[in-house]
Amino acid sequence: MNNSDTTSPDYEVIVIGAGVAGIYQIKRLADLGVHATVLEADSGLGGTWYNNRYPGARFDSESYTYGYSFSKELLEEWYWKEAFSGQPENLRYLNHVVDKFDLRQYMQFNCRVDAAHWNEEKTLWRLSVCDGRVLTCRFVIMALGLLSIPTLPRLEGMSDFKGRSFHTFDWPHKPLDLSDKKVGIIGTGATAIQVIGEIADKVGDLTVFQRRPNWCAPLNNYEINDAEMDRIHSRYDDIFEICLRTPGGFEHEPDRRGFFEVPREERVAMWDQLYDEPGFGIWLQNFREIFTDEDANAEFSEYIADRIRKRVTDPETAEKLIPRDHGFGVQRVPLETNYLEAYNQTNVHLVDLSDAPLDRVTETGLRTTDAEYDLDVIIYATGFDAMTGAHDRIDIRGVNGQKLRDKWRDRISTCLGVFIHGYPNLMMPNGPQSGSASTNYPRGIETGVNWCMDFLEHAWAHGHNRIEVTAPEEERWTKHVEQMYEVMLMRKAKSWFTGYNSNVEGHEEGTIRYLVYNGGMPKYRKALNDVADAGYKGFIFSGDHKATVDAASASVA
Ligand SMILES: Cc1cc2nc3c(=O)[nH]c(=O)nc-3n(C[C@H](O)[C@H](O)[C@H](O)COP(=O)(O)OP(=O)(O)OC[C@H]3O[C@@H](n4cnc5c(N)ncnc54)[C@H](O)[C@@H]3O)c2cc1C
């Protein structure tokens, strides 16, 4: 391996991350014969599905809309077994994809990238890997994941605890018997809602420490037999066409009738039906005003609140599980199985931290400001340093050594969520402010990767070795992203859509960060296409570098 700063880099492209995005990205590069590698911090591929092995971890996308769409053969041969497939199967699927297309040869595991520095003189990136190597490349593609850095609460005494404790992201890979254990779980977000529903009847005792409740809706998962899967195979063209035209990249299409034009009884009948259907229909097949109109949102939230009251036997507990600080659907809605019914079990207890916050972790459990809880196991279901956490952990320096961390400290700015001014030759197929985060991710990921590949092929065809977005073009997109928040109720939510995370310094309340493009996938795709159709107006190209893109020059990591 060449570690020196010659003008001929070690790789034409280095992809960072071997999750859903990195896998498809390297597939496209390999098909073109580009000299490329993937550097992955974990010891295996799969990202989200390699790490989150907690009980109950599964898709909230229909499995068959989540899988890759790029290969008919792959679609035909894969038989999903559940409408919302679980983590072990999802990881098997991603390994199958990688083996089928022989992509493992391009992947290097246990290779965390700690720094990426742009060298203007040589027109290349220098990447420092945790194993001590420095690798150079012309283009770097960051497929780091938007939910790949777990965050622990900022609590005193965490290392004092004598029992077992872990974040859900780091759930032990070996089976864990909790049948006679006193378990405490901190958090009631999307992950906790999945875990609690799954383990409530498998643990000795479960205490849920809730700071703020979240809205949730039933997943209504079901098994898919081979005959049903054959029917899905025959529908794939239609399925992906629908996913292309819906804002969320799902099969669920919003109801385009006006909320207040439909009589109340009809609205309720529709909600009753959606509540019993699988998946995000209750959120995304609903009236569009749910996302924008306070009154419509309040009425629907009250409908869901009543559902909670019906499913939770103890009225006091039910009221504690109803969110008061935000309406339904202003953030990605956790989908659950048996979550609310778990609170009807005598071994499950809800501790409302709004009455008495957590004070500290002790040797034997948790202490709130008014009580002590003895525990054998503490589960931290405390979420992620979402959207920018993985970027912040790499020392990324662009033109004139400017640190990305500093550039993004007060305001996230990108062009299309793909490019950043001052960081030439760095692309993010599904970065912050891209179309992926508010949608069915793989649909956004395929769009992003395809667009990046078109851009790279354009650059290579024209002999450009340096591409950079201009400051005005970046500003145009960033302003647009910010303006989209103004019409959405989600701007009020304390969630990763607004960049809120009390466990990350600087991301506490009052620091709204505009991280998500809210226009939906069709509009996002149009924005990407408009830029390409205009000959990549708003970008500066330079240099006469010709990439070795013919298959003959392909080489492996
Ligand atoms: C529990 C859970 C369930 C989810 N369910 C759904 C769902 O049903 N539908 C949906 O659309 N989305 C879902 N998501 C979102 C999910 O993250 C995406 O669907 C998708 O997996 C993202 O793929 P990715 O490749 O972008 O990121 P990731 O899967 O997060 O992969 C990123 C990879 O980059 C690596 N990496 C990061 N930093 C570095 C570094 N410095 N050096 C080297 N490697 C690095 C990470 O180790 C990781 O392997 C879920 C997320 C979670 C956490």
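As the structure lists them, so they are numbered: ligands from 1, and atoms in each ligand from 1. We use all heavy atoms of the structure for the numbers below, so side chains are in, but hydrogens, waters and symmetry mates are not. Residue numbers count from 1 along this sequence.
- Between Lys72 and Asp237, at least one side-chain nitrogen of the basic residue sits less than 4.0 Å from a carboxylate oxygen of the acidic one, meeting the salt-bridge criterion.
- Taking only nitrogen or oxygen atoms, main chain and side chain alike, Pro442 does not reach within less than 3.5 Å of ligand 1.
- Only the backbone of Cys111 comes within 4.0 Å of ligand 1, judged by heavy-atom distances.
- Under 4.0 angstrom from ligand 1, the non-hydrogen atoms of Phe384 all belong to its side chain.
- For Arg104 and Phe101, the positive end is not near the middle of the six-membered ring at less than 6.0 Å and at most 45° from its axis.
- The proximity of Asp60 to ligand 1, defined as any non-hydrogen pair under 4.0 Å, involves the side chain as well as the backbone.
- Of the N or O atoms in Leu146, none lie within a sub-3.5 Å distance of an N or O in ligand 1.
- The shortest separation from a heavy atom of Ala143 to ligand 1 is under 4.0 Å, placing the residue in contact.
- Here Tyr54 has side-chain heavy atoms under 4.0 Å from ligand 1, and that is the only part of it that gets that close.
- Side-chain contact, Arg138 with Asn425: no donor N or O sits under 3.5 Å from an acceptor N or O.
- Counting heavy atoms closer than 4.0 Å to ligand 1, residue Leu144 contributes atoms from both its backbone and its side chain.
- Ring pair Trp477/Phe419: centre-to-centre distance not below 6.0 Å.
- Classification of Arg409 and Asp406 as a salt-bridged pair holds, one side-chain N sitting under 4.0 Å from a carboxylate O.
- Of the polar atoms of Thr48, at least one N or O is found under 3.5 Å from an N or O of ligand 1, judged by distance alone.
- No part of Phe84 comes within 4.0 Å of ligand 1, judged by heavy-atom distances.
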Worked check of salt bridge (charged side-chain N to carboxylate O under 4.0 Å, His left out) between Arg58 and Glu198: CA-CA 11 Å; Arg58 59 177 62 252; Glu198 182 67 28; 5.4 Å; no
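- Any N or O atom pair closer than 3.5 Å counts here, and Thr191 shares no such pair with ligand 1.
- Contacts with ligand 1 closer than 4.0 Å are made by heavy atoms of both the backbone and the side chain of Val20.
- The two residues Ala532 and Trp451 come nearest to each other via the heavy atoms CB-NE1, 3.9 Å.
- Salt bridge Glu505/Arg154: absent, no basic N to carboxylate O contact under 4.0 Å.
- With no hydrogens or angles considered, a side-chain donor-acceptor pair links Asn450 and Tyr24 at under 3.5 Å.
- Not one N or O of Ile394 is nearer than 3.5 Å to an N or O of ligand 1, by distance alone.
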